[in-house]
2 protein chains.
Amino acid sequence: MAMRMDPLTVEVVELIGSVVARYHEEYERAAAEHALTGAQARVLGLLSLEPVAMRKIARKLKCEPSNVTGIIDRLEARGLVERRPDPADRRVKLAAPTEEGRRMAAALRDSLDFAREPLAELSSEERTVLRDLLRRMLGQ
Amino acid sequence: MAMRMDPLTVEVVELIGSVVARYHEEYERAAAEHALTGAQARVLGLLSLEPVAMRKIARKLKCEPSNVTGIIDRLEARGLVERRPDPADRRVKLAAPTEEGRRMAAALRDSLDFAREPLAELSSEERTVLRDLLRRMLGQ
DNA sequence: TATTGTTATACTCTATAACTATA
DNA sequence: TATAGTTATAGAGTATAACAATA
């Protein structure tokens, strides 16, 4: 059964919902500015640090490996990503960004101002409080 | 160009990303428990307060009206929603939950414990601080 | 035998454009 | 003529199941 919530908690829950909605809109908008879907943008961001095996991408995205094939196909068709063999295991294919893919990933990062901009208005103490509260919400 | 971020801000931005990811996973999981997609669950939640015109659903979901037709079709096929005429404007169709739809919406709400449960561990003062910080992030 | 990636299939969500009924 | 909802179409993401290559 649902717990009864006091008005303050209800408001915080709704605010978190608003933050989530806003975050997603901004993310999709940033991706669309570069003619990418949200999933393509997420994968490109993932690869920007280091080449990643198809199976690992699926785990990170929490989707089936078969879906990753199509997403990487489309990124590869646009010259943003390439498949490489894994020297250690010939079954594995590593997805790695091309130079253009790396530039695109960097541009995407710069576009995601949502969380950054409002935080600049908070004092260092306030950000520390926010960090601690968010950590506890996530059970960290 | 991207602003340089101090480590604290970087951590808060990442935590917000984690909250967003967690929120979405929980939402999809709760919807799937009732054999609903995320979009279907969102629409059902929207209707649970009062009947809503197709066009207005599209605005709330931030998608094209043509998509709402299909989503309501599938909810209607499952007996969770029905279309009603709007007495004030014969062009308009109002989507309203059936009794079963109302029960499903209530069950869905109860399943969404993510935001509620961790907040219970925060003191009233902490929740107030969190509320004010989230409000400022949202420009409210 | 087990694992990796892929293919094939089907469903849902999405945008666009054209259509109908009504305003 | 403008608006509300629908249909038709195409593209993308998703899960499932079956497959080839490799471990």
Side-chain angles (χ1 to χ4, degrees), chain A residues 21 24-25 27-47 51-78 80-96, chain B residues 21 24-47 51-78 80-96 108:
Chain A
H24 259 79
E25 287 162 31
Y27 198 95
E28 293 291 323
R29 180 198 52 69
E33 273 175 12
H34 300 278
L36 293 172
T37 65
Q40 287 164 10
R42 272 189 294 280
V43 170
L44 199 56
L46 238 123
L47 306 185
V52 184
M54 304 298 278
R55 202 131 201 125
K56 190 167 179 185
I57 295 174
R59 277 197 299 273
K60 294 273 190 180
L61 257 62
K62 296 184 199 301
C63 74
E64 294 301 313
S66 60
N67 302 326
V68 179
T69 299
I71 296 170
I72 293 293
D73 279 350
R74 289 180 274 277
L75 287 170
E76 197 166 32
R78 284 184 54 187
L80 299 172
V81 163
E82 62 180 14
R83 283 172 167 93
R84 293 181 193 162
D86 180 345
D89 187 336
R90 285 195 301 170
R91 292 174 304 181
V92 174
K93 286 178 191 168
L94 299 173
Chain B
H24 258 80
E25 286 161 31
E26 294 286 317
Y27 198 95
E28 295 290 322
R29 179 198 53 69
E33 273 176 11
H34 301 276
L36 293 172
T37 65
Q40 288 165 7
R42 272 189 294 280
V43 169
L44 199 57
L46 237 123
L47 306 185
V52 184
M54 304 297 280
R55 205 132 199 123
K56 191 168 179 183
I57 295 174
R59 276 197 299 272
K60 293 273 189 181
L61 258 63
K62 295 185 199 302
C63 74
E64 293 301 313
S66 62
N67 302 327
V68 178
T69 298
I71 296 171
I72 294 293
D73 279 352
R74 289 180 275 276
L75 287 171
E76 198 166 30
R78 284 185 54 186
L80 299 172
V81 163
E82 63 181 13
R83 284 171 165 94
R84 294 180 192 163
D86 181 344
D89 187 336
R90 287 195 298 170
R91 292 173 303 182
V92 174
K93 285 178 191 167
L94 299 173
L108 258 170

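Letters go in sequence order (proteins before strands), and every chain restarts at 1. Just so it is clear, the structure is predicted and the values come from calculations on it, not from any experiment.
In this structure B:R59 satisfies the side-chain contact (heavy atoms from CB on, under 4.5 Å) test together with B:R55, B:K56, sequence neighbours excluded.
Here the closest heavy-atom approach between residue A:L46 and residue A:V52 is recorded as O-CG2, 4.1 Å.
Separating the CD atom of A:E28 from the P atom of C:dT14 is a distance of 10 Å, rounded to the nearest angstrom. Taking atom CG of A:L36 as the reference point, atom C1' of D:dG11 lies 15 Å away to the nearest angstrom. Nucleotide C:dT6 holds its C1' atom 14 Å from the CD1 atom of A:I57, rounded to whole Å. Straight-line distance from the NZ atom of A:K56 to the P atom of C:dT4: 13 Å, rounded to whole Å. One can place CG of B:D73 at 7 Å from P of D:dT7, the figure rounded to the nearest angstrom. If you take CD1 of A:I72 and P of C:dT7, they are 13 Å apart, rounded to a whole angstrom.
Under 4.0 Å is where a charged nitrogen must lie from a carboxylate oxygen, and between A:E33 and A:R29 at least one such pair does. Salt bridge absent: B:R78 and B:D73 never bring a charged side-chain N and a carboxylate O closer than 4.0 Å.
In this structure, B:K93 reaches the D:dT6 phosphate: one of its side-chain N or O atoms is under 4.0 Å from OP1 or OP2.
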key: Residues B:E82, B:R84; criterion salt bridge (Lys or Arg N to Asp or Glu O under 4.0 Å); working and verdict   = CA-CA 6 Å; B:E82 63 181 13; B:R84 294 180 192 163; 3.0 Å; yes
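The shortest distance between side-chain heavy atoms of B:I72 and B:I57 falls below 4.5 Å.
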Heavy-atom protein contacts under 4.0 Å, nucleotides 13-23 of chain D, coded B base, S sugar-phosphate only, - none = SBBBB----BS
